[in-house]
There are 2 protein chains.
Amino acid sequence: MSMRETAPRPVEGAAKARRPRRLPARAAIDEIEETGETSATSGDLDLSGLDGVIGYTLRRAQLAVFEDFARRFARLDLKPAQYSVLLVIGDNPGRKQSEIAAALGIQRPNFVAMLDELERRGLAERTRSTTDRRSHAVVLTDAGEKLLAIARAEQAQQEIDLGAFLGDGGREALVGMLRRLARID
Amino acid sequence: MSMRETAPRPVEGAAKARRPRRLPARAAIDEIEETGETSATSGDLDLSGLDGVIGYTLRRAQLAVFEDFARRFARLDLKPAQYSVLLVIGDNPGRKQSEIAAALGIQRPNFVAMLDELERRGLAERTRSTTDRRSHAVVLTDAGEKLLAIARAEQAQQEIDLGAFLGDGGREALVGMLRRLARID
DNA sequence: GGATAATAGTTATGCTGTATATCAAATTAG
DNA sequence: CTAATTTGATATACAGCATAACTATTATCC
């Protein structure tokens, strides 16, 4: 993943976007309104056109949450994708490499290097299946299980914190809606 | 950051819609239960560990919404980032190139090619400022305004459709929470 | 006023994430 | 048995996003 450190966060329209960190200042808005439509003045820009856009806010929120994740997981040296792989392997030990990849929507070619890295770090292992010698059964090592346990706790804490940040039942409502959105097609 | 590469089909427990995928599950479940926790059997994987994770669902939802956006904007040949640039220029005509970029969180070097492309397509124009000959004031051409108007309508329709897809006030609640999340840091 | 610093746009470049084509080995289907 | 399919892997390409550094211009300060 590429979570930078202090750099500004993207904010691209209903799309990619980097991050405008702050709302247009009150003064700037007044100035814009007073001059009609032309905003060739100085001061903050009018970004109101993006304010209520789901795609835009979704993207920004996702980046912010991933940055938060990156901070929390820095000590574990785990990127979100790596965590998700560890988690799915941990919950589905012995599954085929391609099954893990497919479950996470990762292309098989790209999953190879990811697993290589986890193996290099001694967190996961590929074992040749005896029944189907094409496939690799993937499992976590003891070290992998141990790291996953810590990671799960870390992640649970993030859920708690974000849940508190959003109000009362907000987290559940949010996740529910996000899951619905994720199935649009 | 990369939680995935293609949109995998989230495996959902109950509810509705299509999916005869549950069939093999029965046998698989029996087998799993009989072997305890090991899921090295066949059938769907257990992804329950990711189900309630905000970061994961956020990412998934964002990708799905972007895909929806891509379909809707295919005819306009506009990517989300391009739409956001057109929108911000349209709402802030005559601003400096770097101001537009900064507002969207786009690095100035990366913004050059984006503007080049919009200019090439006759949608935007750079004009040398007379007061500060270093800067370029950016505006939309008539064609750019025209395309933006269509794009705005397209985008508004997406909001309507997503709003309907989420229930009753769901869109507003969602955007509100996303905006809160976007400013965690 | 002239040296120095800062700003705006640009070019070059690199890393990460994700996609496709293709291959060899192994397995399955016809 | 032969052909098709599956699995893991390699090579490769492209988009997104970042930094360094150059040029032209403007601002600052002694």
Side-chain angles (χ1 to χ4, degrees), chain A residues 1-13 15-19 42 59-60 62-63 66-67 70 78-82 84-85 94-119 124-138, chain B residues 1-8 42 59-60 62-63 66-67 70 77-85 94-119 124-138:
Chain A
M1 138 180 18
S2 65
M3 230 103 235
R4 286 84 214 152
E5 37 277 74
T6 13
R9 194 107 33 34
V11 164
E12 274 154 345
K16 341 215 106 182
R18 258 98 225 287
R19 90 113 51 105
S42 56
R59 173 70 170 152
R60 301 247 297 127
Q62 185 254 304
L63 288 168
F66 269 40
E67 270 188 22
L78 282 180
K79 294 188 251 186
Q82 291 176 312
S84 71
V85 170
R95 288 300 200 132
K96 290 189 292 187
Q97 184 173 321
S98 55
E99 285 179 315
I100 305 290
L104 289 168
I106 300 172
Q107 300 296 130
R108 272 156 34 230
N110 297 331
F111 193 63
V112 173
M114 292 188 66
L115 244 193
D116 284 349
E117 172 65 10
L118 294 180
E119 228 173 7
E125 271 176 358
R126 288 183 246 229
T127 65
R128 211 93 210 177
S129 165
T130 49
T131 62
D132 184 341
R133 282 156 28 213
R134 285 173 301 187
S135 63
H136 288 167
V138 184
Chain B
M1 132 258 319
S2 62
M3 225 129 186
R4 36 91 57 34
E5 326 202 339
T6 287
S42 57
R59 174 71 172 147
R60 278 281 153 94
Q62 184 254 303
L63 287 167
F66 271 33
E67 271 183 31
D77 192 20
L78 281 181
K79 292 191 264 186
Q82 291 175 312
Y83 171 62
S84 71
V85 170
R95 288 297 200 134
K96 289 191 291 185
Q97 183 173 324
S98 54
E99 285 180 315
I100 304 290
L104 289 167
I106 300 171
Q107 300 297 327
R108 272 150 44 222
N110 298 330
F111 193 62
V112 173
M114 293 189 66
L115 244 193
D116 283 349
E117 173 65 9
L118 294 180
E119 228 173 7
E125 270 176 359
R126 287 183 247 228
T127 65
R128 210 93 211 177
S129 165
T130 49
T131 62
D132 184 341
R133 284 163 22 220
R134 287 172 298 186
S135 64
H136 289 168
V138 184

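A quick note: this is a predicted structure, and the numbers were derived from the prediction, not measured. Each chain gets a letter, A, B and so on, in the order its sequence line appears, and its residues count up from 1.
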| request: Could you tell me the separation between the CG atom of B:Leu63 and the C1' atom of C:dT18, rounded to a whole number of Å? | output: 11 Å

| query | Are OP1 or OP2 of C:dT18 and a side-chain N or O of B:Arg59 less than 4.0 angstrom apart? | reply | yes

| note | Side-chain atoms of A:Ser98 come closest, of D:dG16, C:dT7, D:dT7, to D:dT7

| query | So, does the side chain of B:Asp132 form a donor-acceptor pair with the base of C:dA8 at under 3.5 Å? | reply | no

| Atom-to-atom span, CD of A:Gln107 to C1' of C:dT16 - whole angstrom | 16 Å

| note | Closest to the side chain of A:His136, out of C:dT20, D:dG8, C:dT18, is D:dG8

| task | For B:Gln82 and D:dG16, give me the distance from atom CD to atom P, rounded to whole Å. | result | 8 Å

| Side-chain N or O of A:Lys79 closer than 4.0 Å to phosphate OP1/OP2 of C:dT16 | no

| said: Tell me the interatomic distance from A:Arg133, atom CZ, to C:dT28, atom C1', rounded to whole angstroms. | reply: 14 Å

| remark: Which of C:dT18, D:dT6, D:dA27 is nearest the side chain of B:Arg134? It is D:dA27

| Over how many whole Å does the gap from B:Phe111 atom CZ to D:dG16 atom P extend? | 14 Å

| message | Under 4.0 Å, heavy atoms only, any strand: does B:Ser129 hit a base, just the sugar-phosphate, or nothing? | response | nothing

| Any B:Arg59 side-chain heavy atom under 4.5 Å of A:Arg59 side chain | yes

| request: Could you check A:Glu125, A:Arg95, A:Lys96, A:Arg128 and say which one makes a side chain to side chain contact (heavy atoms under 4.5 Å, CB included) with A:His136? | output: A:Arg128

| How long is the line joining CD of B:Glu119 and C1' of C:dT10, in whole Å? | 13 Å

| Pairwise distance CG(B:Asn110) to CG(B:Leu104) - rounded to 0.5 angstrom | 12.5 Å

| query | Rounded to whole angstroms, how far apart are CG on B:Asn110 and P on D:dC14? | reply | 18 Å

| message | Can you identify which nucleotide, out of C:dG9, D:dG8, C:dT20, has its nearest atom closest to the A:Val112 side chain? | response | D:dG8

| task | Could you check which of C:dA8, D:dC17, D:dA9 has an atom nearest any side-chain atom of A:Gln97? | result | D:dA9

| task | Please round to the nearest 0.5 Å and tell me the distance separating atom CD1 of A:Ile106 and atom CD of A:Gln97. | result | 11.0 Å

| How long is the line joining CZ of B:Arg108 and P of C:dA6, in whole Å? | 14 Å

| query | Can you find a heavy atom in the side chain of A:Leu118 that is under 4.5 Å from one in the side chain of A:Val138? | reply | no

